[in-house]
Structure formats: structure tokens, C-alpha cells
Amino acid sequence: MKIGYACLTEGVPHVRYKSCLLKNATPDHLMNLIDHNLKTLAKVLDYNIENNIRLFRITSDLIPFGSHPINTLAWQQLFSDSLAMIGQKAKDHGMRLTMHPGQYTVLNSPNEEVVKRAMLDLNYHCAVLDGLGLSPQHKMILHIGGIYGNKEAAMNRFIANFDRLDETVKQRLIIENDDKSYTVEDVLAISKQINIPVVFDNLHHAILHGDHLDGEIDLINRVKQTWKPEDGTQKIHYSEQAWNKKIGSHSETVAIDQFMAFYQRLNRHDIDIMLEVKDKNLSALKCIQATTKDLPKQALEKEWHRYQALVLEHSPEIFQQIQACLQEKKADAALPFYRFIEIALQQEVQAQNALKAAQMIWSAFQKQVSEKEQLQFEKEILKIEKGLSTVSMKRFLFRLAQHYELSEWQNAYYFKDIL
DNA sequence: TGACGTCAAGATCCG
DNA sequence: CGGATCTTGACGTCA
């Protein structure tokens with residue numbers, strides 16, 4: 001079983017993808033952006049490897065305007081070495097990479113121009129995975145598309161247009177149920193015609209059906225039949241509804257108890273779970289650690305170190321409770337640990353607690369700072385006391401952590417909003 | 001014609 | 001001038 005996350009990272013320094021507006025997309029600029037983005041992807045894979053994350057979706061924005069006529073670069077050739085190196089990283093560590101063309105890539109449109117662009121976009125996504133040198137087990141996920149007043153005709157159009165795709169694209173393509181139009185049953189019916197795997201998405205399923213727990217696991221096991229040996233392990237999407245946001249919005253974080261309940265009902269290990277959640281890698285790490293038997297103690301301690309300042313900023317009380325919890329050194333501390341984290345982060349940041357968090361990080365390099373930095377810190381303190389944003393304090397502290405090469409603190413989740 | 005979703009670029013405002 | 005915050009863009013469907 002692999003658990004993974006989609007596209008972007010939280011709290012990982014120096015990984016930010018770049019893009020540009022259509023009007024600025026000159027070949028020269030695109031070259032620079034692609035070069036930067038590939039370096040970024042390589043760093044993200046390093047992060048994944050280091051943190052034992054073995055399932056990851058690559059952002060569609062890797063190559064800006066990757067399927068747009070404005071991008072005339074032969075990027076697959078120009079960056080073949082770089083792509084091959086990145087792909088080798090993944091292969092060396094058993095990492096499964098996927099891609100997911102967005103909601104605007106519509107293969108079943110009645111508009112032929114839209115279909116042509118969708119085919120080009122699928123070619124682009126496939127070219128990335130091909131360029132990385134990855135097998136067809138590294139998939140591309142697509143939704144079925146629109147209804148256009150006649151669902152049956154729309155489904156048949158999907159089937160007909162699938163047939164027009166390149167063989168390499170067909171081998172990678174998998175299809176997913178959505179939250180508006182196409183149920184798992186619909187997608188299974190299409191799958192039966194074109195013989196490609198189905199991705200079960202739990203939240204979409206819950207939205208299109210009233211009570212989502214009823215028969216959910218049976219359905220997942222039925223969907224497994226669409227995965228052939230050459231497709232690799234069955235993959236599903238897991239997400240939770242964001243409270244107080246509109247139906248279908250992904251939650252800020254995966255609520256660990258809700259996930260564990262699902263995991264236990266699922267009761268399978270021959271399955272890969274892609275999380276779709278705002279806090280990305282943070283939830284992936286959480287779910288991985290919570291489901292790892294005999295998790296080494298240092299894994300949680302490393303995680304705690306990254307959470308410390310962020311937790312302190314939200315709740316000094318829970319900060320203390322977590323310290324106590326970890327000192328007990330019981331086995332299976334992961335669940336209580338993450339429960340505490342979730343509760344802490346729901347608390348609003350008070351100025352006095354923001355000060356405590358800043359002080360904690362400051363104390364790590366207080367001894368080596370210059371007088372000028374001391375004065376700057378005092379200025380930042382005043383800003384927080386006045387009730388101003390903590391952003392500039394965080395930027396200041398992050399710069400210090402970089403300057404004094406305190407890599408541990410650079411990885412603090414405390415900095416995730418300013419990276 | 002605007003909402004939808006998503007992210008960063010670009011624009012503008014502010015001290 | 002630099003940093004903080006607001007607006008725009010790129011895509012297709014549907015009301």
C-alpha cells in the first residue's frame with residue numbers, strides 16, 4: 001500500500017513552481033520556467049523519498065502551456081537528461097507517479113475543437129510520464145466530462161473518442177467518478193467498453209449518493225476488477241468534505257480518526273490511496289505514520305519537531321500535552337499525537353502565543369545573531385504585540401534559519417505560509 | 001454572462 | 001522602495 005498526495009507541498013523550502021501569462025510565453029522565458037520547474041520537481045521527489053512517501057501526483061503546470069500552441073519548444077528532447085534523471089529517482093525508490101488533467105480537459109465534448117485540445121492535453125501529460133521513462137503503471141486520471149442533455153450519447157462519445165487516442169495514452173489512462181454527473185456505475189459501464197481501470201473517489205461517491213458508507217467498500221472491491229496486472233496496484237482517491245464550505249470542497253487536513261475508520265473498513269493492503277486535501281504532504285505523512293505498524297520513535301519525534309512552533313502558536317496548552325504524550329514513549333503514540341495536532345491547529349492564533357512561537361525559534365540562534373538582527377527581532381516583536389500580521393516575523397526568522405544554516409528549523413511547518 | 005476551482009503572476013496599495 | 005494584499009488569467013460547462 002502506498003499513500004500519497006497531489007502536486008504541491010506545504011512547508012518544504014525552495015520548492016515553488018513558476019508559470020507565466022500567455023502574453024509573456026516566449027520560447028526563452030518558457031525554457032527558463034521549464035528548467036526551474038524540473039529542478040523543483042526533483043527536489044520534491046527528494047523530499048518524498050526522505051519522508052517515505054511513495055505515491056505522488058505531478059502537477060499539470062510542470063511544463064507551462066504544455067499543450068498550448070504557444071509552447072513550440074521540443075521540451076521533451078531539450079530536457080531529456082533532466083527528465084530521465086527525475087524518472088530514475090522515482091524508479092530507484094519504488095515511487096508511483098501519476099498525473100491528472102483538470103476539469104477543463106474534456107474528451108467527450110460535442111465540440112470537436114474541444115476534443116482536439118483534450119487529446120493534445122492528454123498527449124502532453126503522457127509525454128511527461130514517457131519522458132520520465134516510467135511504465136504504464138504510472139497513470140493519468142481523467143473525468144468523463146459533460147452531459148450535454150443526453151448522458152448516454154455523452155458516454156458513447158467518450159468511448160468513441162477514447163478510441164482515437166494514441167496507444168501510449170490509452171495504456172496510461174484511467175477514469176474517475178465525479179461529484180456532479182458520472183457515478184461509479186456510469187464509469188464502470190464505460191470501463192467495460194474500453195477496458196481501462198476505474199479510480200474510485202470516496203467524496204464524489206458520497207455526494208452523488210446520500211449515505212456514502214453503505215456499500216462503499218463493496219464498490220471499491222468491485223472496481224478492483226478493472227485493474228489488470230499490467231496496470232499495477234488499484235488506486236483510489238480519498239478526501240473529506242471541508243466543514244462550513246460548499247459541498248465537494250476538500251478539507252484542510254485529513255481527520256485522522258475518520259481516515260482510520262475508512263482504512264479499517266477497507267481492510268486491504270493491495271491498494272494505493274491518493275489523498276486530495278489542502279495540507280497535501282502533511283496529511284500524507286500523517287496517514288502513513290498512523291498506519292505504519294511499529295513506527296520507529298524517531299519518526300514521530302522528527303514530525304513533532306516540525307510541528308512544534310506551529311502548535312505553540314495556536315495552543316501552548318496542547319503543546320504541553322503533546323510533550324507529555326511523547327515522553328511517555330508508549331507504542332502507537334501516532335494516533336493521539338495527530339489528534340492533539342488537529343485540535344491545536346483549530347485554535348485561533350492569539351498575539352501572545354504568536355510571540356511564544358517566535359521566541360522559541362529565536363532562542364535557537366539567539367547566541368549567534370548580530371546586534372542588527374537583535375534590533376530587527378525587537379521590531380518584529382512590537383509588530384505582533386500591536387496585533388499586526390506574523391508574516392514579516394516569519395520571513396525574518398526563516399531568513400535567519402537559512403543564514404545560520406539551521407536546516408532543522410528551516411523545515412518547521414511554522415513557515416509553511418511564507419514559503 | 002458569470003460561477004465554478006486552482007494556482008501563481010501581475011497590479012496596486014501602503015507605510 | 002519593499003512588503004502586504006487584491007485582482008487577473010487560463011481552461012469548458014452549465015444555469
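Numbers restart at 1 for each chain; the letters A, B, ... are given by sequence-line order, proteins then strands. Given the structure is predicted, the values throughout are model-derived calculations rather than measurements.
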Student: Please report how far the helix from B:dT1-C:dA15 to B:dG15-C:dC1 bends, comparing the axis fitted to its first five pairs with the axis fitted to its last five, to the nearest 10 degrees.
Tutor: 70°

Student: Check DNA chain B against residues 369-384 of chain A and give the residues with a non-hydrogen atom under 4.0 Å, in numerical order.
Tutor: none

Student: Could you tell me the separation between the NZ atom of A:Lys116 and the C1' atom of C:dC11, rounded to a whole number of Å?
Tutor: 18 Å

Student: Please state how far atom CG in A:Leu122 lies from atom P in C:dC11, giving the value in whole angstrom units.
Tutor: 16 Å

Student: Quickly work out the A:Tyr17 OH to B:dA9 C1' distance and round it to whole Å.
Tutor: 18 Å

Student: Would the distance check show the side chain of A:Asn48 and the main-chain N or O of A:Leu55 forming a donor-acceptor pair, the cut-off being under 3.5 Å?
Tutor: no

Student: Within the side chain of A:Arg265, is there an N or O that forms a donor-acceptor pair under 3.5 Å with the backbone of A:Ile217?
Tutor: no

Student: Determine the contact category for A:Lys180: base if any of its heavy atoms lies under 4.0 Å from a base atom, sugar-phosphate if only primed atoms, P, OP1 or OP2 are that close, otherwise nothing.
Tutor: nothing

Student: Which residue pairs pass the salt bridge (Lys or Arg N to Asp or Glu O under 4.0 Å) test with at least one member in residues 11-30 of chain A, sequence neighbours excluded?
Tutor: none

Student: Taking atom C1' of B:dT6 as reference, at what distance in whole Å does atom CD of A:Glu276 sit?
Tutor: 13 Å

Student: Within this structure, what is the CZ-to-C1' distance between A:Arg399 and C:dG2, rounded to whole angstrom?
Tutor: 10 Å

Student: Using the rule side-chain contact (heavy atoms from CB on, under 4.5 Å), only one of A:Thr59, A:Leu142, A:Leu122, A:Val128 pairs with A:Met99; which is it?
Tutor: A:Val128

Student: Strictly below 4.0 Å, heavy-atom distances to any atom of DNA chain B: list the hits from residues 19-27 of chain A, or just say none.
Tutor: A:Ser19, A:Leu21, A:Asn24

Student: Find the distance A:Ile418:CD1 to C:dA4:P and express it as a whole number of Å.
Tutor: 10 Å

Student: Between the side chains of A:Asp186 and A:Lys151, is the shortest nitrogen-to-carboxylate-oxygen separation below 4.0 Å, so that they form an ion pair?
Tutor: yes

Student: Polar-atom pairs under 3.5 Å, protein N or O versus N or O of nucleotides 12-15 of chain C: list them with distances, or write none.
Tutor:
residue, atom, partner, partner atom, Å
C:dG12, OP1, A:Arg117, NE, 2.8
C:dG12, OP1, A:Arg117, NH2, 3.2
C:dT13, OP1, A:Ser109, OG, 3.0
C:dT13, OP1, A:Tyr148, OH, 2.4
C:dC14, OP1, A:Ile147, N, 2.8

Student: Is any side-chain N of the basic residue among A:Arg54 and A:Asp272 closer than 4.0 Å to the acidic one's carboxylate O?
Tutor: no

Student: The criterion is salt bridge (Lys or Arg N to Asp or Glu O under 4.0 Å); which residues satisfy it with A:Lys246, sequence neighbours excluded?
Tutor: none

Student: Report the distance from atom NZ of A:Lys386 to atom C1' of B:dG15, rounded to the nearest whole Å.
Tutor: 10 Å

Student: For the residue pair A:Phe365 and A:Trp362, does the interplanar ring angle fall in the parallel (under 30°), tilted (30 to 60°) or perpendicular (over 60°) class?
Tutor: perpendicular

Student: When you check the gap from the basic side-chain N to the acidic O, do A:Arg222 and A:Glu185 get nearer than 4.0 Å?
Tutor: yes

Student: Are A:Phe200 and A:His205 an aromatic pair by the rule of ring centers under 6.0 Å?
Tutor: yes

Student: Starting from the 5' end of DNA chain C, give me the residue, A:His68 or A:Ser392, whose nearest nucleotide shows up first.
Tutor: A:Ser392

Student: Using whole Å, report how far NE2 of A:His143 lies from P of B:dT6.
Tutor: 11 Å

Student: Say you draw a straight line from CG of A:Asn195 to CZ of A:Phe162; how long is it, rounded to the nearest 0.5 Å?
Tutor: 8.5 Å

Student: Any side-chain N or O of A:Arg395 under 4.0 Å from OP1/OP2 of C:dG3?
Tutor: no

Student: Is a salt bridge present between A:Lys224 and A:Asp270, judged by a nitrogen-to-oxygen distance below 4.0 Å?
Tutor: yes

Student: Do NZ/NE/NH1/NH2 and the carboxylate oxygens of A:Asp35 and A:Lys39 come within less than 4.0 Å?
Tutor: yes

Student: Output yes when at least one side-chain N/O atom of A:Lys18 is less than 4.0 Å from OP1 or OP2 of B:dA9, else no.
Tutor: no

Student: Can a salt bridge be assigned to the pair A:Arg339 and A:Glu342 using a cut-off of 4.0 Å between side-chain N and carboxylate O?
Tutor: no

